[in-house]
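Read the structure below first, then the notes.
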There are 2 protein chains.
Amino acid sequence: MAKENKQKYHHGDLRTALINATIEMINQQGVSSITMRNLSEWVGVSRTAAYRHFDDKSALLTATAIEGFRQFSEALRVARLDESKDEITRFRMMGQAYINFAIENAAYYRLMFGDTVIQENEKLRATCDDAFRELLMIIELLQEVKAICCDDPKNQAIYIWSLMHGLSSLVIDNKLQADVELKELMVFIDHQIHKSLSD
Amino acid sequence: MAKENKQKYHHGDLRTALINATIEMINQQGVSSITMRNLSEWVGVSRTAAYRHFDDKSALLTATAIEGFRQFSEALRVARLDESKDEITRFRMMGQAYINFAIENAAYYRLMFGDTVIQENEKLRATCDDAFRELLMIIELLQEVKAICCDDPKNQAIYIWSLMHGLSSLVIDNKLQADVELKELMVFIDHQIHKSLSD
DNA sequence: CACTTAATGTTGACACGGTCTACTTAAAGA
DNA sequence: TCTTTAAGTAGACCGTGTCAACATTAAGTG
């Protein structure tokens, strides 16, 4: 009874609907395509309805970015916790998961890491830190099992993060030369990582 | 005689003036502050004058990004060609120059690497490749003098670029935790690079 | 259950910004 | 000097973010 697809005056959960619509739209047409008006129409609500849930457009985008970091962390976590694999393999899979997320959700990823959003937002900060912590945890695990050397794990995690973020960004923003083979490149980088993190 | 600061009907070199104004404005207030109208006023010209030199706003931004890559390449080149230093030191200085440029020109850097600009633009592609080639050349030099191992230099250059770009982006977009000491971090990363590129 | 209140949505209005069109000015060439 | 064309201007239009005032309904209270 609760849910009817007939248009009721009250939407039910407009907030999440708007965020989901933003995600979908952003991945299909990029951030610049997102308009409060488009979005509202998509969700089937009047143009200013969103303002009951978000201070302004950038607050909506920020909320969307937060949701992005949640999904992102989740993707990393899944790889990290795959008990059927050994630690090194899981680490490698996390790297793959990272790049995959960025490529499959290019505009979404850009939004998350870009400056369109409200940088000072606490939740954004927190969910972003969560994602970072996924990297940190696998690093710590690798240290525990003596798979990598015992430098400061935080530094190691930032190093890996920079590498992954840089590579992902260059790829999705089309900065690498056309003849670069991503797969081959990944193998190379994987190799560099293991050299640099080993004793 | 040629130059008079009195306002003449014809500006003289509006194109460059607009690009310079964009650079200044972007570094002071960010991309979002840039409007054709602001810009025109800043340069002392009517709101649509820019359209005699650029197809539209994104063409202007693209031209600005191209100029950005020129300056960026130049900054890298200066470090690369500093003959008073040995090769490894020059390599290290290029890394420092990279990060410095990004930090001192955060919004400008974002514009260059972001998707606001017209990605398909040939000149942009070319000047971006020039910057990449700076990295490639120092890598090749390092190989010549046997300072690093002889893997595919292009892969090595992309690896370094990813690392630098990722780190710069994380820093300027404020994604690293507040307690991270950039200087100390740079030392660590420098160390990782040398480990990974050595034989 | 009737009544009040707060939450949620709607419409109208406004200002800002990108950009098209038609017009003006002046530089350059014939 | 006359013509052509590059460079600049003003007006107008439409899309967009967002405020204010109003409408509807859910929720809470006696």
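Side chains included, hydrogens not; waters and symmetry mates left out as well; all remaining heavy atoms used. Naming: A, B, ... by sequence-line order, numbering from 1 per chain.
Mapping Thr48(B) and Asp55(A) onto DNA chain D by nearest heavy atom places Thr48(B) at the nucleotide closer to the 5' end.
Ring centroid separation for the pair Phe69(B) and Phe113(B) comes in under the 6.0 Å cut-off. You'll find the ring centres of His165(B) and Tyr109(B) inside the 6.0 Å limit. Between Tyr108(A) and Phe72(A), the distance from one ring center to the other does not fall under 6.0 angstrom.
Thr35(A) comes within contact range of the sugar-phosphate backbone alone, with a heavy-atom separation under 4.0 Å but no base atom that close. Looking at heavy-atom distances under 4.0 Å, Ile34(A) makes contact with sugar-phosphate atoms alone, never a base. Residue contacts shown for Asn38(B) are absent, as no nucleic acid heavy atom lies under 4.0 Å away.
Contact annotation: His53(A) side-chain N/O to dA7(C) OP1/OP2 distance is not under 4.0 Å.
Contact check on Arg110(A) versus Asp173(A) returns a salt bridge, with a Lys/Arg side-chain nitrogen under 4.0 Å from an Asp/Glu carboxylate oxygen.
Taking atom CG on Leu39(A) and atom P on dT16(D), their separation rounds to 12 Å, with Å as the unit. The interatomic distance linking Arg15(A) (CZ) with dG9(C) (P) rounds to 13 Å, in whole Å. Computed from coordinates, the Phe54(A) CZ to dG9(C) P distance equals 11 Å when rounded to whole Å. Spacing between atom CD of Glu41(A) and atom P of dG9(C) amounts to 17 Å, rounded to whole angstrom units. Note: CZ (Arg52(B)) to P (dA22(C)) measures 12 Å, nearest angstrom. Between the NZ atom of Lys57(B) and the C1' atom of dC20(C) there is a distance of 17 Å, rounded to whole Å. Here dG12(C) presents its C1' atom at 17 Å from CE of Met36(A), a figure rounded to the nearest Å. Rounded to whole Å, atom C1' of dT19(C) lies 14 Å from atom CG of Leu60(B).
In this model, no side-chain donor or acceptor of Arg47(A) finds a partner on the base of dG15(D) within 3.5 Å.
The listed nucleotides are dT18(D), dA7(D), dT11(C); the one nearest the side chain of Ser46(A) is dT11(C). Comparing dA13(C), dT19(C), dC23(C) by their nearest atom to the side chain of Arg37(B) picks out dT19(C).
Two residues are said to be in side-chain contact when any heavy atoms from C-beta on lie closer than 4.5 Å; Asp129(A) and Arg133(A) meet this criterion.
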